[in-house]
Amino acid sequence: MTVSLIPLRLETGTVALVPGHCISWHRVQLPRGVLPRTLAADPMGPRLRSVLEGLLEEHLLDEPATLHMALQAQPQADTPVWVAVCDHGTLAQGMQQLAAQGHIAQRLVPEWAPGRGEDASALWLTGTQDAPVAHWCDDEGVHAWPLPPQQQHASSWPTAVLRQRDRGGPVYADPALAAWAEQALERPVSVLSTHERLEQTARTSTWNLAQGRLSLRQPWPVQLRQTLAQLWQDPAWRPARWAAGLLVLVQLVALNAAAWQAKRQEAQLKTAIASTLTSTFPSVQVVVDAPVQMQRAVAALQQGSGAPTPRDLDAMLQAVQQNMPPAQAGKAPTAIHFEAGQLRLGGLAWTESDLQPLQQGLRSQGLQLRRDGDDWMLNTQGTP
């Protein structure tokens with residue numbers, strides 16, 4: 001026997017649906033300590049598999065070694081859990097057929113699964129008018145009841161189906177059964193095609209039958225993409241998405257406010273510096289670069305008053321003499337050229353060991369020394 005899996009392409013990847021008639025459902029109470037503390041994507045380890053085989057041995061018609069078992073999502077240690085059981089060989093063959101067709105499934109989802117929560121009172125009518133079937137899923141399991149064909153009233157339906165109908169939940173029917181179902185039930189039904197029903201199941205089901213020997217091990221980039229896509233689309237994560245969006249929005253507003261405040265403080269500081277320059281030196285009418293203009297104005301005042309400045313020739317020569325390395329003491333430059341606070345010295349053969357202490361000493365006095373070809377250039381810091 002072969003199983004024709006139904007591939008569905010969703011935003012989160014390809015989901016393969018396993019037909020409901022291929023799966024049997026069993027509810028068991030697991031012993032303490034069997035479930036791993038951290039449930040990974042594949043909880044069906046060898047120990048849990050062995051325990052399930054022991055618990056289900058009397059309920060299975062085939063040898064446990066030939067069967068595939070899958071545990072419900074997020075099982076609780078003190079609560080009975082659902083186990084899906086199907087033939088391993090036929091399910092593996094169905095997966096191989098999908099792969100041969102180019103469908104790489106990220107999850108295996110059952111067509112029907114117990115414990116559907118808010119859908120527990122829903123009734124699904126599928127099939128054809130010659131072979132209609134009633135389905136519903138609740139905490140007791142998955143129920144499928146053949147209905148008598150060509151019957152114009154539901155009074156002849158099985159009692160279990162009528163009890164489910166009387167629960168007052170919605171009734172869904174395939175398009176081919178919609179008119180017949182409304183006449184038999186004497187109430188309106190919701191029309192849902194098979195594709196729409198399967199797609200809804202693929203989107204909402206928390207089951208993944210790909211466990212144990214049939215585990216679909218995806219590369220970590222694929223797993224990360226699937227997890228992010230699930231977080232982005234899952235309705236249960238909608239509050240978290242809203243909170244994250246509001247947090248990002250608050251951060252953007254705070255960053256813009258901080259940037260605006262910083263620009264305002266910078267503008268105020270520039271205004272204060274410009275005001276200090278114009279009030280101290282009334283001759284400066286246009287402020288372009290306040291620190292440089294102030295430095296030039298102070299240097300002009302010093303030059304006009306006759307007071308020595310670090311930019312004077314004698315001050316620079318004295319600084320060089322004071323910081324001259326002992327090994328170079330007494331050696332005079334062969335050429336000296338001074339212009340606009342820059343002193344060029346030629347004919348000095350300073351080594352790297354001599355140069356380092358000399359530059360440190362001059363730097364402490366606000367002077368910079370650098371090589372310019374065969375000569376040495378000395379100027380005040382900040383002056384090119």
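Below, each value reflects all heavy atoms present in this structure, side chains not excepted, and no hydrogens, waters or symmetry copies.
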Output all residues satisfying salt bridge (charged side-chain N to carboxylate O under 4.0 Å, His left out) with [X], sequence neighbours left out; order by chain, then residue number.
{"X": "R197", "result": "E111"}
{"X": "R32", "result": "D78"}
{"X": "E182", "result": "none"}
{"X": "R49", "result": "E53"}

Could you state the interatomic distance from [atom1] ([X]) to [atom2] ([Y]), rounded to the nearest 0.5 Å?
{"X": "S155", "Y": "E186", "atom1": "OG", "atom2": "CD", "result": "9.0 Å"}
{"X": "R213", "Y": "L91", "atom1": "CZ", "atom2": "CG", "result": "10.5 Å"}
{"X": "L61", "Y": "S24", "atom1": "CG", "atom2": "OG", "result": "8.5 Å"}
{"X": "R344", "Y": "D372", "atom1": "CZ", "atom2": "CG", "result": "4.5 Å"}
{"X": "L35", "Y": "Q74", "atom1": "CG", "atom2": "CD", "result": "12.0 Å"}
{"X": "L147", "Y": "L125", "atom1": "CG", "atom2": "CG", "result": "6.5 Å"}

query = Quick one: hydrophobic cluster around V109, which other residues, with the 4.5 Å side-chain cut-off, linked directly or via members?
reply = I6, L8, L10, V15, L17, L198
Taking all non-hydrogen atoms of both residues into account, name the closest pair between [X] and [Y] and its distance.
{"X": "M69", "Y": "P64", "value": "CE-CB, 4.5 Å"}
{"X": "P114", "Y": "W207", "value": "O-NE1, 4.5 Å"}
{"X": "D139", "Y": "G115", "value": "OD1-CA, 3.6 Å"}
{"X": "T204", "Y": "Q200", "value": "OG1-O, 2.8 Å"}
{"X": "A16", "Y": "L98", "value": "CB-CD1, 3.5 Å"}
{"X": "T206", "Y": "A73", "value": "O-CB, 3.3 Å"}

Does [X] share a hydrophobic cluster with [Y], counting links as ILVMFWY side-chain heavy atoms below 4.5 Å and allowing steps through other members?
{"X": "V51", "Y": "L60", "answer": "yes"}
{"X": "L5", "Y": "L214", "answer": "yes"}
{"X": "V133", "Y": "L185", "answer": "no"}

Sidechain-backbone polar pair: [X] side chain, [Y] backbone, donor-acceptor under 3.5 Å:
{"X": "S50", "Y": "R47", "answer": "no"}
{"X": "H68", "Y": "A92", "answer": "no"}
{"X": "N208", "Y": "L108", "answer": "yes"}
{"X": "Q211", "Y": "L71", "answer": "yes"}

Test ring pair (Phe, Tyr, Trp, His ring centres under 6.0 Å) applied to W145 and W124, step by step = CA-CA 10 Å; W145 286 81; W124 306 76; over 10 Å; no
Chi angles and distances behind the salt bridge (Lys or Arg N to Asp or Glu O under 4.0 Å) call for E11, R203 = CA-CA 10 Å; E11 297 82 356; R203 292 182 182 277; 2.9 Å; yes
Without placing hydrogens or testing angles, list every side-chain donor-acceptor pair under 3.5 Å for residues 247-271, not counting sequence neighbours.
from : atom 1 : to   : atom 2 : distance (Å)
N256 : ND2    : L252 : O      : 3.2
T271 : OG1    : A267 : O      : 2.8

inquiry  = Within the 3.5 Å criterion, strictly below it, is a donor on D375 or H337 matched to an acceptor on the partner's side chain?
reply    =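 Side chains of D375 and H337: no pair found under 3.5 Å.
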task = Mind checking side-chain contact (heavy atoms from CB on, under 4.5 Å) for V28 and listing every partner two or more places apart, or none if nothing turns up?
result =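 Checked V28 against side-chain contact (heavy atoms from CB on, under 4.5 Å); matches are L30, L52, L55, L56, V81, V83.
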message = Going by the rule side-chain contact (heavy atoms from CB on, under 4.5 Å), which residues pair with T79 if we only count those two or more places apart in sequence or in a different chain?
response =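 T79 satisfies side-chain contact (heavy atoms from CB on, under 4.5 Å) with Q76 only.
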query = Among pairs that include at least one residue of residues 74-110, which meet ring pair (Phe, Tyr, Trp, His ring centres under 6.0 Å), considering only residues two or more places apart or in two chains?
reply =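 For residues 74-110, and leaving out neighbouring residues, there are no ring pair (Phe, Tyr, Trp, His ring centres under 6.0 Å) pairs at all.
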request  = Any ring pair (Phe, Tyr, Trp, His ring centres under 6.0 Å) involving residues 180-206? Give me the pairs, sequence neighbours left out, ordered by first then second residue.
outcome  =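 As it turns out, the ring pair (Phe, Tyr, Trp, His ring centres under 6.0 Å) pairs with a partner in residues 180-206, which skip direct neighbours, are W157-W180.
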Which donor-acceptor pairs under 3.5 Å do the side chains of residues 159-177 make with protein atoms, sequence neighbours left out?
from : atom 1 : to   : atom 2 : distance (Å)
Q164 : OE1    : W136 : NE1    : 3.4
Q164 : OE1    : R167 : NH1    : 3.2
Q164 : NE2    : A120 : O      : 3.0
Q164 : NE2    : S121 : O      : 3.2
Q164 : NE2    : A122 : O      : 3.1
R167 : NH1    : A120 : O      : 3.3
D174 : OD2    : G127 : N      : 3.2

ask   = Should V85 and I23 be marked as a side-chain contact (heavy atoms from CB on, under 4.5 Å) after you check the CA-CA gap, both sets of side-chain angles, and the distance that decides it?
value = CA-CA 6 Å; V85 180; I23 306 173; 6.0 Å; no
query = Which residues satisfy the side-chain hydrogen bond (donor to acceptor under 3.5 Å, both in side chains) test with S205, sequence neighbours excluded?
reply =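 side-chain hydrogen bond (donor to acceptor under 3.5 Å, both in side chains) list for S205, sorted by chain: empty.
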message = Are P132 and P149 packed together at the side-chain level, in the sense that at least one heavy-atom pair is separated by less than 4.5 angstrom?
response =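 Heavy-atom side-chain distance check passes, below 4.5 Å.
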inquiry  = Does N379 form a side-chain contact (heavy atoms from CB on, under 4.5 Å) with R370? I'd like the steps, not just the answer.
reply    = CA-CA 9 Å; N379 51 264; R370 59 184 177 85; 4.1 Å; yes
request  = Answer yes or no: does atom CD of Q101 have more than 12 heavy-atom neighbours from other residues, nucleotides or ligands under 6.0 Å?
outcome  = yes
inquiry  = So, applying side-chain contact (heavy atoms from CB on, under 4.5 Å) with P80, which one of H26, Q72, R27 is it?
reply    =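 Option passing the side-chain contact (heavy atoms from CB on, under 4.5 Å) with P80: R27.
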